[in-house]
Visitor: 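Would you mind keeping the following structure in view while I ask a few things?
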Amino acid sequence: MTVTPTFSDPFRRLAERHAAWGAQQLEAFTEFMPAGPWTADLDQRLYRQAGLELRISVLGSFDTTEGSWLWGWANPGFGGTPVVGAADEIRRLGEAHGIPEFREDLVDLSGFEDPRFAVETLAFGAMGALGAAGYLGVQASAEGRLYMVPDDPQVPRAVPDGITLPRVLLTGAGLLAGSSPRAVVAGYFDHHGLSQRQEADRISADLPGGSTAEVLFDDAGRIASVEMRNVSR
């Protein structure tokens with residue numbers, strides 16, 4: 001019997017705490033970015049797309065033929081240069097928290113059921129760990145994709161909103177197989193510095209503007225409902 005590889009428990013535990021706010025932030029980043037052709041000057045750490053210029057940092061690259069991910073610090077083309085600052089930080093986090101996917105130079109994703117989805121999960125996890133405002137994956141060659149994170153104050157930051165919060169939390173809870181919805185919800189509130197109260201079957205938090213969110217969990221630990229009180233439009 002062939003066992004399909006999965007991400008490690010340390011990676012999943014870290015990624016799940018960033019899943020909800022990361023999904024919301026990535027949506028904001030996608031809306032911010034204009035459609036159009038792109039160019040990149042990695043020496044200058046600049047990415048340009050349809051007239052917009054962003055300061056970026058390289059995470060790594062994905063070989064679509066081999067199904068392998070190479071972190072920026074291990075790339076002989078620009079390892080040790082300022083443009084891989086984000087990748088260097090990921091390696092430090094991987095070593096500090098025992099996350100193998102973050103500390104290995106080359107990550108083999110070829111055995112995953114969908115390697116292209118796996119690499120997006122890896123980049124999303126790195127975005128979350130860094131607290132970055134999004135990530136970019138572009139086709140840099142016939143067989144290679146380059147992944148970057150923006151390091152630029154132009155990029156808007158998503159904020160908690162009572163109207164969209166139910167969708168945001170449910171989306172985050174469903175992103176990563178095997179993740180804990182409680183950890184996803186608690187991580188979202190922690191990221192935004194919101195006061196939260198945890199009970200056996202719920203987590204409550206006070207949102208900006210005076211509204212309160214109460215997230216209820218069923219017996220299986222899934223999100224049963226997200227109730228808003230005193231929500232102002």
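Quick caveat: nothing in here was measured; it's all calculated off a predicted structure.
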Visitor: Taking 4.0 angstrom as the limit, do E89 and R92 come out as a salt bridge?
Guide: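 R92 and E89: salt-bridged.
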Visitor: Assess the pair F7 and F112: is the distance between their ring centroids shorter than 6.0 Å?
Guide: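 Centroid separation for F7 and F112: below 6.0 Å.
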Visitor: Quick check for you: to the nearest 0.5 Å, what is the distance between D206 atom CG and S195 atom OG?
Guide: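 It is 5.5 Å, given to the nearest 0.5 Å.
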Visitor: Any donor and acceptor pair, going by atom type alone, linking the side chain of Q24 with main-chain N or O of V159 inside 3.5 Å?
Guide: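 A pair under 3.5 Å: yes.
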Visitor: Which residues pass the side chain to side chain donor-acceptor pair (under 3.5 Å) test with Q196, sequence neighbours left out?
Guide: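 Partners of Q196 under the side chain to side chain donor-acceptor pair (under 3.5 Å) test: D190, Q198.
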Visitor: Calculate, to the nearest 0.5 Å, the distance between atoms CG and CG belonging to L106 and N75 respectively.
Guide: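 So the CG of L106 and the CG of N75 are separated by 11.0 Å.
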Visitor: Between E27 and R167, is the closest basic N to carboxylate O distance under 4.0 Å?
Guide: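 Yes, R167 and E27 are salt-bridged.
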Visitor: Shared ILVMFWY cluster between F124 and L130, side chains joined below 4.5 angstrom?
Guide: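 Yes, one cluster joins them.
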Visitor: Any donor and acceptor pair, going by atom type alone, linking the side chain of S57 with main-chain N or O of V83 inside 3.5 Å?
Guide: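 Yes; at least one donor-acceptor contact below 3.5 Å.
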Visitor: Side chains of V107 and W71: closer than 4.5 Å at any heavy-atom pair?
Guide: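 V107 vs W71: side chains touch.
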Visitor: Can you tell me how the ring of Y47 sits relative to the ring of W38, calling it parallel under 30°, perpendicular over 60° and tilted otherwise?
Guide: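 Correct class here is parallel.
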Visitor: Would L70 and V149 show up in the same hydrophobic cluster when neighbours are defined by side-chain heavy atoms closer than 4.5 Å?
Guide: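 Different hydrophobic clusters.
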Visitor: Whether the side chain of R229 engages the backbone of T212 through a donor-acceptor N/O pair (distance < 3.5 Å, no angle test) should be reported.
Guide: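 Side chain of R229 to backbone of T212: no pair is present.
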Visitor: For the pair W21 and H18, name the ring-plane relationship: parallel under 30°, tilted 30 to 60°, perpendicular over 60°.
Guide: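 The arrangement is perpendicular - the two ring planes meet at more than 60°.
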Visitor: Is there a side-chain contact between L54 and M33 (heavy atoms, below 4.5 Å)?
Guide: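 They are in side-chain contact.
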Visitor: Is it the case that over 12 heavy atoms from other parts of the model lie below 6.0 angstrom from the CZ atom of R197?
Guide: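 Result for CZ/R197: enclosed.
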Visitor: Kindly indicate whether the side chain of L207, heavy atoms from C-beta on, has any atom under 4.5 Å from the side chain of H192.
Guide: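 Of all side-chain heavy-atom pairs linking H192 with L207, none is under 4.5 Å.
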Visitor: Within a radius of less than 6.0 Å around CZ of R222, do more than 12 heavy atoms belonging to other residues, nucleotides or ligands occur?
Guide: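 No.
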Visitor: Is it the case that the side chain of S61 and the backbone of L146 share a donor-acceptor pair, with hydrogens and angles ignored and the cut-off at 3.5 Å?
Guide: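 Checked: no pair found.
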